[in-house]
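Data block below; observations after.
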Amino acid sequence: MTKRGGTDDDAGRPGRFEEIVLLAVARLEGEGYGLSVLREIEDRAGESPAIGAVYATLERLEAKGWIRSSMGEATPVRGGRARRLYAVEPSGVRALRHARRALDQLWDGLELKTPRRRAEASR
Amino acid sequence: MKPGADRPAPPRWAERILRATAPERDVEPMMGDLAEEFSRLAGSDLRAARIFYWRHALRSIPSNVPRRAGDAFDALVLGRPAHATLNRKDARRGDDAMTSLVNELALALRSFARRPRFAATIVATIALAISSVTVIFGAVDGLVLSPFPFPDPDRLITVGSAFPKVGAELSFMENLSPAEYLDIAREARTLDAVVAWDMGNRQITVGDDTRNAFSAFWWGDAMPTLGMRPRYGRGFSAEEIRSGAKVALVSSRFFRDRLAGDGALVGRPLLVNGEPYTLIGVLPERTLVYGTDLWIPMSAAPDLFPRGRRQFQVLARIAEGRSIADVNAELDLIARRTESAHRGAQPEYERWRLEARTFVEVNVAFLRPASIALAFGALFVLAVATTNVASILLARAVERSREMATRLALGAGRGQIVRQLSVEAFVLTAFGALAGVALAGQGIGAAQAALSRLPFPLPGELELSARVLGFATAVSAFAAFVFGLTPAWSILRSGRRSSLVAQGIGAHGLGAGGRLRAQRVFLGVQVAFAALLVCCGGLLLRSLARIQAVEPGFDAGRLLGFRTTLPQARYPNPASYAKFFERAQADLRAIPGVEDVTLASQTPPAYFSNVTFLIDGQDAEREGAMKRAFFTTVSPSYFGVMGLRLLEGRVLSPDDRGETARVAVMNDAAARRYFPNDSAVGKRLRVGPKERPLFVEIVGVVSSARNRGLDTSPQPELFATFAQAGYPNQLMTVLRTTLDPVSIVPSVRRTLASIDPLQPIYQVQSLDQSLGNQGLPRRMATSALVLLALFSLALAAAGVYAVSSYVAAARSRELGLRIALGATGASVRRFIARKALLPVAAGGAAGLLGGVFASRAMGALLFETRPTDPLALGAAISLLGLVAFVAADAPARRASAIDPARALAVD
């Protein structure tokens, strides 16, 4: 009874945080690495995830084939440790477009009213 | 950018945490990222930079640990290297040969990855518990249970004596005279390999570096007695001992540190006090008898010493087939024979006793109370931790009851579910144990480093032996695993009466009521143990406060002390000692910042040398009235430098010289004990044997210093001048300074080097420092126990919080109804908190009682504090109550703010 939860069954759609990280990597145009992605998310999305969460997501994005990684150079500021640089793959671009299109279609023509409290009552 | 050397480094512990938790492939880039940001932030605000680093190291744990665990799992079970994780799901899918157990393991890991915080909490709890148990058992094993590397340590004994005529308070004095040693060595049939030894200081020169080495001088080869073989070379031959040959053995530590571990040096000369000795061997690793680094034969044969010269220790091994009772029976016979032969000349032999005790008992007995207390403390923490794990797992089982019910309904057997839960418990325990052992490795190093600051040589060196590790891990892992099975067990029990239909109605899953009951019982147990530990911690802290308030009896501020031992080769007689020390005293006085200088044979708080005497005219007829006091030879400036107050008569003066009448000063502890009814001044004491009596007049009484440590009252003490009692070759020099005492050490060394460049000094420290060192064992034991207590308190608080949240969740509909019917938030809060606080009260009461009992058992660690000390216990229980209240109230407060409509709308 190996019920497979997990994200690979629905590899076509990025999760919310996956989408954010993927967008950050895309924005950084090949210069993305753990810290720059983190800063980008902080600056643009106003969230401050833990660096470990960023890396966990980057690993997942790479496993899905949406981004690729390569090792950069080590600098003294980093205590002699190298950066791992990330760049978006064509399939990643497709996934982002797909996600955006889905959301755009949902937003299209919608005028929001404040929903009543009852709506969220069910667990 | 500043140059590299000044650049602040990221917080070390945060780095360690990161390195220990992050997946292997991400450690380097992640640490690099944080280092980069840290150094950017540190440029303007170091504090912010540190906070940044710590925040990310800690907040990353929940996402890091499951990934690292997944890697470890892959490496361990699937045999894949850790970074091949990227496609592990694909790989696993293809592996049809995997057994269902592996599938269950994978399922367990994935379920933890979904709830990383839950899994991390449990793993951290188990890890901390296992590591504290392991470190403390490692220390107890290394210090008390098997401190020495000697085989059959129970058969290695040392002989002590007791002289009821003299100083009845000393019931086991480890010092025998050479004649007494010879009696035992020749006559005892129940002992093998009887050797005797004495300790002292020698200076060893390696290259142009001369340093003091604590040394042992032997009659006999101790290697067979200890049951060891030298690591290199050989032990002493009988001929070398007989002739007092210039041969030497050194400790492994000395060999490593000062001889660079060069085995070729064995057989070569070694300069001891400037004389060439032949290095014949190196002692085995960890064989540090009282911390001695150099072993040489005694220079004189035992029969050359007078019978009363008791300064030698006897070591022997119990003969094959004999017991320690046989040994003591035979030692008693020997003592009786000596008594009848020598009582005439030496009255102290009347009713004297000889007794054998194991070397281990004699040397580690003083560490035992603290060790036992800490070992129990660790076990209690383990108990709290495991019950805590059990109740977290129970709470989690409640959350998952729907999942379980569904699986039961879909045809999964109860067996399968129980098996899945067991696998989960196993995996959590295994990770906890792994992390715990890794932590313990760090911890034992830290413990060794802390213990090496103790003011006495440790019997053993700590290590994480396979035995300790195996024992501690087995006990802890077993406990954690068994408790981890609680949810499975509760499912098995409740499964009999519940069904999916019941789930639909009961809404809160399998046997929710039973679980709450079990959780509250667990909570009571946790709180009981935590309360016990907190009470003990409170009592120890109170003792510590009491002892720190004790006045040492002398003015310890701004005093610098050091010891000098003059070697026989360059200083052959007392006249040469006097010349050196008097010149040193005068020259040191000239150093800027030095107010005054004095010399003394010993300084508080650690005394060793004493004298027996009779009061002239009062005790002369009754030989049995021998008195004892510590005997300190001093220069006349001693009383001023140490800040002892003159109470009566006068202090010693430079005019008390060899040619004038012998005089002494007494401390008031001696005056009160020996002259309770009249003044001591003017009385005469008779020192020495009847045939050659020496009379000493008491000329003054001074205030008492704590000469046996802060935790014992001042003992009787006599002072005489060097001019009258003679200079020994080993002395303490004490300087009263106007500056920080340690800051003048370089000028002291320079000054002494101008007198004799070859002469080293040692035990250099401020007297404040040496007082502090004396209290160190107590402070260490106290802080270790207080740490354990706080840890258990934190766990218990988590337990209270869990139960309170559980009540709030399980009763949400009922609470909603109550609120809808007009109950106030406060009454709801009380209702919930009461559920959690009832077990706290019961457990707290039990723990308080237990604490009183436990502290009775650790009475040796308490100082002027009764086990029922109201302040300590009251503070401990209040702290516990406060913490429990806060932990219980937080979920209750949240629940009382619930929207009744929402609570009632559930389902």
Side-chain angles (χ1 to χ4, degrees), chain A residues 1-9 11 17 21 32-40 42 47-86 116-123, chain B residues 1 4 7 9-10 15 18 21-23 25-40 55-67 85-90 92-93 98 100 103-104 106-107 110-111 113-114 407 410 412 416 420 899 901-907:
Chain A
M1 40 168 224
T2 51
K3 199 183 78 182
R4 277 174 209 285
T7 41
D8 52 348
D9 288 342
F17 190 60
V21 173
Y33 62 102
L35 180 62
S36 65
V37 170
L38 178 74
R39 282 189 195 147
E40 191 73 12
E42 282 180 341
E47 295 186 15
S48 44
I51 189 87
V54 172
Y55 270 90
T57 310
L58 286 169
E59 182 185 320
R60 225 160 38 232
L61 295 177
E62 197 176 2
K64 290 178 175 184
W66 289 341
I67 57 175
R68 63 173 188 278
S69 68
S70 58
M71 293 311 284
E73 68 208 64
T75 58
V77 190
R78 299 173 55 85
R81 301 183 187 93
R83 289 173 178 167
R84 191 189 290 131
L85 296 163
Y86 294 90
R116 293 195 40 184
R117 253 191 125 155
R118 291 280 311 228
E120 50 164 327
S122 66
R123 287 203 303 198
Chain B
M1 183 64 57
R7 187 184 299 144
E15 284 191 322
L18 201 65
T21 52
R25 77 185 280 268
D26 287 343
V27 168
E28 289 295 304
M30 208 183 282
M31 288 184 72
D33 285 353
L34 292 184
E36 184 182 335
E37 183 73 357
F38 175 87
S39 106
R40 189 180 68 87
R55 196 162 50 96
H56 279 278
L58 293 177
R59 281 183 53 213
S60 294
I61 290 175
S63 44
N64 279 344
V65 169
R67 289 205 295 141
T85 54
L86 286 184
N87 295 313
R88 88 177 152 233
K89 281 160 188 159
D90 304 338
R92 208 175 287 160
R93 192 171 286 151
M98 284 297 152
S100 73
N103 282 331
E104 270 157 3
L107 196 59
R110 224 168 293 148
S111 105
R114 274 202 298 275
R407 283 166 62 180
L410 292 176
Q416 255 172 320
Q420 179 60 39
D899 176 356
R902 191 177 152 190
L904 291 171
V906 167
D907 292 338

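Within every chain, numbering begins at 1; the chains are lettered A, B, ... in the order of the sequence lines, protein sequences first and strands thereafter. Since the structure is predicted, the reported quantities are computational estimates derived from the model, not experimental observations.
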- Query: Can you tell if the side chain of A/L35 reaches within under 4.5 Å of the side chain of A/R83, non-hydrogen atoms only?
  - Reply: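 No, too far: nothing below the 4.5 Å cut-off.
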- Message: Is there a side-chain contact between B/D26 and B/N64 in this structure, where contact means two heavy atoms from C-beta onward sitting under 4.5 Å apart?
- Response: no
- Message: Donor-acceptor pair, distance only, cut-off 3.5 Å: does the side chain of A/R78 make one with the backbone of B/P29?
- Response: yes
- Checking heavy atoms, do the side chain of B/L34, its backbone, both or neither come under 4.5 Å from chain A?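 Contact with chain A is through the side chain of B/L34 alone.
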- For residues A/F17 and A/P49, report the shortest heavy-atom separation together with the two atoms involved.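 It is CZ-CB, 3.6 Å.
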- Under a 4.5 Å heavy-atom cut-off, does chain B meet the side chain of A/L38, its backbone, both or neither? side chain
- Message: For A/A56, which atoms come within 4.5 Å of any heavy atom of chain B: side chain, backbone, both, or neither?
- Response: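 Backbone plus side chain of A/A56, per the 4.5 Å heavy-atom cut-off to chain B.
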- By side-chain hydrogen bond (donor to acceptor under 3.5 Å, both in side chains), A/R39 pairs with (sequence neighbours left out) B/E37
- Message: Please identify, among A/A53, A/S36, A/G79, the residue contributing the most non-hydrogen atom pairs under 4.5 Å to chain B.
- Response: A/A53
- Item | Most chain A-contacting option - heavy-atom pairs closer than 4.5 Å, from B/S63, B/G32, B/P10 |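 When all of B/S63, B/G32, B/P10 are compared, B/G32 has the most.
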